[in-house]
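Below: one structure, written as structure tokens.
Worth knowing before you read on, the calculation uses all heavy atoms, side chains too, and leaves out hydrogens, waters and symmetry mates.
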Amino acid sequence: MSFNKFKFTTGSKKKLENSSLSQHSEDEILKPLQSSLRDNLESFKKAFNNSPDIVIREWNFGENHSVQAALIFVSGLVDNQFINQFIMAPLVPFSNIPEESLLDIFKQHLLPIGGVNETNDFDSLLTGLLSGDTVFLCDSCDRGLLIDSKGWESRGIEEPTSQYVIRGPKDGFTENLTTNIAMVRRRIVNSNLWTEQYRIGKVTKTKVSILYIQGIASKKIIDEVRERLKRIEIDGILESGYIEELIQDNNFTVFPTVFNSERPDVIAAGLLEGRVAIVVDGTPFVLMVPALFTHFFQAAEDYYQRFDISTLIRWLRYFAFIIALLGPSLYIAITTYHHDMLPPQILISLSAQREGIPFPAFIEALMMELTFELLREAGIRLPRAVGQSISIVGALVIGQAAVEAGIVSAAMVIVVSITAIASFTMPSYSLSISIRILRFGMMGLAACFGLFGVVAGVIMVIQHLCHLKSFGVSYMSPITPVNIAMQRDTFIRAPWRLMQKNLSIAHLKESIINKKVIDNLKKKKGE
């Protein structure tokens, strides 16, 4: 997808080169309709280069059949039965309609459908046509009708493939934007759930909608989302990952600052907390901002189980995060520099295992980690029927063969395996990738400086996390700055009777702003 050059204007007004593909005929497209039907049809044919999937049906109307009219639609994007039953069937018998106000009569009396819009903008008609609408034009009229007739084939509502739950809803988003918004509205039956729609992409003109609950979401966050979406200038948007990368606060971080999910219940819960959802047509993954570090440890199932079970599982996730990040690096540091920290029995056992191993602990861990990453990627890319089998069998065979060949020690295989299992406990795949990247850096610091390097690496990671922001909200909230009320759903999941009050991101942001104001006032008084 390297063809998709883009320009994204940030606060520094940085501009990148636009693709010539997005400028091929803007002057020809951005023009009003003509009064001549023949000229308008020629313009449509020229715009699509006489593509065979552009269907044009013509009729003669008027007292002497002197007025021509035409329907234009794209085969495959419309519901053919709908067009035959609700558009063609009402129009064909009425061939003796007076020429005056022909378009108005069709719109108000003959078309028994609700989605009919009138426009004289050629570009709007083109966009609607390519979105599954049907265009109605008539001679001696410089206006056209856009009739909602979408009916392309789409995937049905199925269970999410990336976020499984044992208890909870089993429906997931699809590639249809309208369906996705409807699935959220089913859960939030409230008129304050507002939506706004944009067209992003000079070539693809992809529909992008934002959802928020008026009165709960912060107006500053909503305005910031609008502004960042409007600043995007790109040829095409094919997946929500394009939007995620273009609107995030910091591009130079491995941590995700935009949350994504294909579960409607997760998005609905985020909206109730005051966040803003971004739905992109053509993908089942919906974005949600602001995204905090603690949100990536929260699973939908935490709120469907009893609070004590959910709290225990959440503690396990935080513990698994530490193991996945520091497991190999701690083993490398201790076995390389800090032997005196181990009990004598364990030290003797490890020494016996490493006898005859030709590589240092860092090289051992690096080889095993890279091998496991290869197996993980192979398991994902292979067909589902054989992918899991290849991953499991490959890990067992390679690990056992490496130990028997004396290339790595058995203890190293155990450490790498536990680390891999711990990384799988993360509810968010985005956070799991961040851990995998940082793990190699921590291993390098441990190999060079021992535990001092590990501690220094942890301090740098924490400092980096504290400096991150997601749409103006501190990434480490509510840990820092501390918000006592929000702690009821951070490291623990308190009982619902204690969480009945709506704890929204908007309230969190206002508390951060108020704290800054108070601190500034204290400084001025001190001066």
Side-chain angles (χ1 to χ4, degrees), residues 1-32 43-54 72-77 119 121-133 135 146 150 152 154 173-178 180-181 195-210 224-252 256-258 260 276-287 289 430:
M1 307 205 179
S2 58
F3 73 94
N4 211 7
K5 299 179 182 178
F6 63 89
K7 177 177 73 175
F8 178 64
T9 308
T10 60
S12 61
K13 305 296 183 182
K14 181 179 181 181
K15 298 183 179 180
L16 301 180
E17 180 183 3
N18 283 324
S19 171
S20 60
L21 180 62
S22 62
Q23 303 174 351
H24 64 286
S25 58
E26 285 188 3
D27 295 336
E28 298 179 4
I29 293 177
L30 296 174
K31 62 181 181 180
S43 297
F44 275 98
K45 292 177 181 179
K46 183 178 179 181
F48 294 104
N49 195 28
N50 291 317
S51 298
D53 59 336
I54 307 299
I72 310 172
F73 57 89
V74 181
S75 177
L77 297 183
T119 180
D121 183 29
F122 189 75
D123 188 48
S124 299
L125 292 174
L126 280 180
T127 302
L129 187 66
L130 294 172
S131 300
D133 295 338
V135 175
L146 270 177
K150 300 178 182 65
W152 56 74
S154 61
F173 288 124
T174 69
E175 287 75 19
N176 189 295
L177 181 139
T178 305
N180 294 342
I181 295 177
T195 67
E196 300 175 12
Q197 190 171 111
Y198 303 88
R199 290 274 184 176
I200 302 180
K202 291 185 176 181
V203 178
T204 60
K205 293 181 173 21
T206 306
K207 289 188 290 186
V208 178
S209 293
I210 64 173
E224 184 66 21
V225 173
R226 292 191 189 115
E227 182 64 25
R228 296 192 188 188
L229 289 177
K230 291 177 181 178
R231 288 204 306 254
I232 297 176
E233 296 183 16
I234 189 172
D235 286 341
I237 299 292
L238 303 180
E239 213 275 335
S240 58
Y242 288 56
I243 301 291
E244 179 178 350
E245 184 174 346
L246 291 171
I247 67 173
Q248 62 186 356
D249 290 64
N250 191 345
N251 290 319
F252 301 101
T257 55
V258 177
N260 68 81
V276 179
I278 303 173
V279 189
V280 181
D281 193 23
T283 175
F285 288 92
V286 175
L287 307 179
V289 294
S430 301

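- Looking at heavy atoms from C-beta onward, Ile232 lies out of side-chain contact with Tyr242 at the 4.5 angstrom threshold.
- Nearest approach of Thr204 to Gly236, heavy atoms of both residues: OG1-CA, 3.2 Å.
- Within the 3.5 Å criterion, the main-chain N or O of Thr174 finds a donor-acceptor partner in the side chain of Asn180.
- Using a 4.5 Å heavy-atom threshold, the side chains of Ile243 and Leu229 count as touching.
- Closest non-hydrogen pair, Leu177 versus Lys207, comes out as CD1-O, 3.4 Å.
- Closest approach of Leu125 and Val135 over heavy atoms only: O-CG2, 3.9 Å.
- Of the possible donor and acceptor atoms, none in the side chain of Thr283 sits under 3.5 Å from a partner among the backbone N and O of Val280.
- In terms of the side-chain hydrogen bond (donor to acceptor under 3.5 Å, both in side chains) criterion, Glu244 has no residue partners (sequence neighbours excluded).
- Put simply, the side chain of Asp53 does not reach to within 4.5 Å of the side chain of Phe48, judged on heavy atoms.
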Exercise for the section: Evaluate the criterion side-chain contact (heavy atoms from CB on, under 4.5 Å) for residue pair Leu129 and Phe44; output intermediate values, then yes/no. Expected result: CA-CA 10 Å; Leu129 187 66; Phe44 275 98; 4.1 Å; yes
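- Partners of Asp133 under the side chain to side chain contact (heavy atoms under 4.5 Å, CB included) rule, at least two apart in sequence or in another chain, are Leu146, Asp148, Lys150.
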Handout entry: From CA spacing to verdict: side-chain contact (heavy atoms from CB on, under 4.5 Å), Val225, Ile247
Key = CA-CA 8 Å; Val225 173; Ile247 67 173; 5.9 Å; no
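- Remark: the backbone N or O of Ile237 is paired with a side-chain donor or acceptor of Thr206 at under 3.5 angstrom.
- Panel note: side chain Asn250, backbone Phe252; a donor-acceptor pair is recorded below 3.5 Å.
- A pairwise comparison of heavy atoms in Ser131 and Thr127 identifies OG-O, 2.8 Å as the closest pair.
- By the side-chain hydrogen bond (donor to acceptor under 3.5 Å, both in side chains) test, Ser43 is found to be paired with no residue, residues two or more places apart in sequence or in another chain being considered.
- In this structure, Ile278 and Val286 have side chains that are not in contact, with every pair of non-hydrogen atoms separated by 4.5 Å or more.
- Residues meeting the side chain to side chain contact (heavy atoms under 4.5 Å, CB included) test with Glu196, sequence neighbours left out: Tyr198, Ile210, Tyr212, Arg226.
- Residues satisfying the salt bridge (charged side-chain N to carboxylate O under 4.0 Å, His left out) criterion with Glu239, sequence neighbours excluded, are absent altogether.
- Under the rule for a side chain to side chain contact (heavy atoms under 4.5 Å, CB included), the partners of Lys45 that lie at least two apart in sequence or sit in another chain are Glu42, Asn50, Ile56.
- Between Lys205 and Asp281 there is no salt bridge, since no side-chain nitrogen of the basic residue lies less than 4.0 Å from a carboxylate oxygen of the acidic one.
- With values rounded to the nearest 0.5 angstrom, Arg231 atom CZ is found 11.0 Å from Leu246 atom CG.
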